[in-house]
Amino acid sequence: MDSNAAHNPVFLLFPPEITIPDLQSTDLTATTYDTSGPFPKLLATKMKILGAMQILFGVMNFSFGVVFLFTLENPYPRYPFIFVSGYPFWSSVLFINSGAFLVALERKTTKTLVKLSRIMNSLSALAATAGTILLTFGLVLDQHFFCGYAETISQCQAVATLFIGILIMLMAFSIIELFISLSFSVLRKPFYCCD
């Protein structure tokens, strides 16, 4: 090796002589494996995302229920109707479970898990429908919940705005959860592989 070739960086990356073995005498066979699982990649990604959204909606419903827990103060002698119905708590359990089953179904697919996922999503759809009805009834029933006991108008407006905002957010979560749950409980096409 001469001194010019030792300092040439191209020589270090690409040696001057590359030998290719003669492959004519060997017989090559290729085996392909299906690593995509039973669900197409796009559906599996959607299941994971929508399952995570269901879990998030469940956590948010529970958090709003905890906020309602602290609304029993001196000027307000009763809890709001939606808290008394328990909707933020039992709906959050169903939403979190159905989301967890979707995420688990994306990871490992069995017939039992598919059936349980369908059942949990059906229960979540029923809970979301009941929640929408209860929230509508709660908005009508508790329309003057805070203003009836407030001493000043400014106190009434601030607390009523917060209360109505929470009810509207719960309503939005319930409607979105209804559509997500229905898409996985009613539609059977994504689960043809496992039936």
Side-chain angles (χ1 to χ4, degrees), residues 30-71 79-140 142 161-195:
T31 307
T32 60
Y33 295 100
D34 184 22
T35 59
S36 65
F39 296 118
K41 187 173 178 104
L42 182 63
L43 178 64
T45 304
K46 284 182 182 180
M47 285 172 59
K48 187 185 282 187
I49 291 170
L50 293 176
M53 285 177 63
Q54 285 181 315
I55 293 170
L56 180 67
F57 289 154
V59 170
M60 293 298 293
N61 277 1
F62 183 80
S63 300
F64 286 139
V66 171
V67 168
F68 283 140
L69 181 66
F70 294 107
T71 60
Y79 287 111
F81 169 76
I82 199 65
F83 180 80
V84 174
S85 71
Y87 172 72
F89 302 110
W90 54 263
S91 68
S92 65
V93 170
L94 290 172
F95 295 168
I96 290 171
N97 280 337
S98 62
F101 273 111
L102 273 184
V103 171
L105 185 64
E106 186 269 334
R107 292 183 181 197
K108 183 178 181 184
T109 306
T110 62
K111 275 188 167 183
T112 307
L113 202 54
V114 169
K115 287 180 184 177
L116 286 174
S117 179
R118 281 186 187 157
I119 290 169
M120 285 308 300
N121 276 300
S122 298
L123 290 174
S124 288
L126 288 174
T129 303
T132 304
I133 293 168
L134 288 173
L135 286 164
T136 303
F137 187 69
L139 275 170
V140 171
D142 291 332
T161 302
L162 176 69
F163 178 70
I164 291 172
I166 289 175
L167 289 179
I168 289 172
M169 289 300 294
L170 283 172
M171 179 80 74
F173 292 159
S174 296
I175 291 170
I176 295 170
E177 176 67 29
L178 176 66
F179 289 128
I180 292 173
S181 297
L182 280 178
S183 68
F184 286 104
S185 63
V186 175
L187 298 179
R188 295 181 177 263
K189 187 175 181 180
F191 302 111
Y192 279 152
C193 65
C194 305
D195 283 339

To the nearest 0.5 Å, what is the distance between [atom1] ([X]) and [atom2] ([Y])?
X      : Y      : atom1 : atom2 : value
Phe95  : Leu123 : CZ    : CG    : 11.0 Å
Met53  : Ile49  : CE    : CD1   : 9.0 Å
Leu182 : Ser124 : CG    : OG    : 10.0 Å

Between side-chain atoms of residues 172-180 and protein atoms elsewhere (two or more places apart, or another chain), which donor-acceptor pairs fall under 3.5 Å?
| residue | atom | partner | partner atom | Å |
| --- | --- | --- | --- | --- |
| Ser174 | OG | Tyr87 | OH | 2.3 |
| Ser174 | OG | Leu170 | O | 2.9 |
| Glu177 | OE2 | Gln54 | NE2 | 3.0 |
| Glu177 | OE2 | Ser181 | OG | 2.8 |

Query raised in the report: Which pairs, with at least one residue in residues 106-126 and sequence neighbours excluded, count as a ring pair (Phe, Tyr, Trp, His ring centres under 6.0 Å)?
Result: none

Sequence neighbours excluded and cut-off under 3.5 Å, please list the side-chain donor-acceptor pairs for residues 56-64, or say none.
| residue | atom | partner | partner atom | Å |
| --- | --- | --- | --- | --- |
| Asn61 | ND2 | Ser91 | OG | 3.2 |
| Ser63 | OG | Val59 | O | 2.9 |

Report summary line: Leu116 meets the side-chain contact (heavy atoms from CB on, under 4.5 Å) criterion, sequence neighbours left out, with Phe101, Thr112

**Report entry** side-chain contact (heavy atoms from CB on, under 4.5 Å) partner of Asn121, the single match among Asn97, Leu50, Leu94, Leu102
**Finding:**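 That would be Leu102.
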
What side-chain donor-acceptor pairs closer than 3.5 Å can you find for residues 129-137, not counting sequence neighbours?
| residue | atom | partner | partner atom | Å |
| --- | --- | --- | --- | --- |
| Thr129 | OG1 | Ala125 | O | 2.9 |
| Thr132 | OG1 | Ala128 | O | 2.8 |
| Thr136 | OG1 | Thr132 | O | 2.8 |

Query - Sidechain-backbone polar pair: Ser122 side chain, Arg118 backbone, donor-acceptor under 3.5 Å - result: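 Such a contact is found between Ser122 side chain and Arg118 backbone.
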
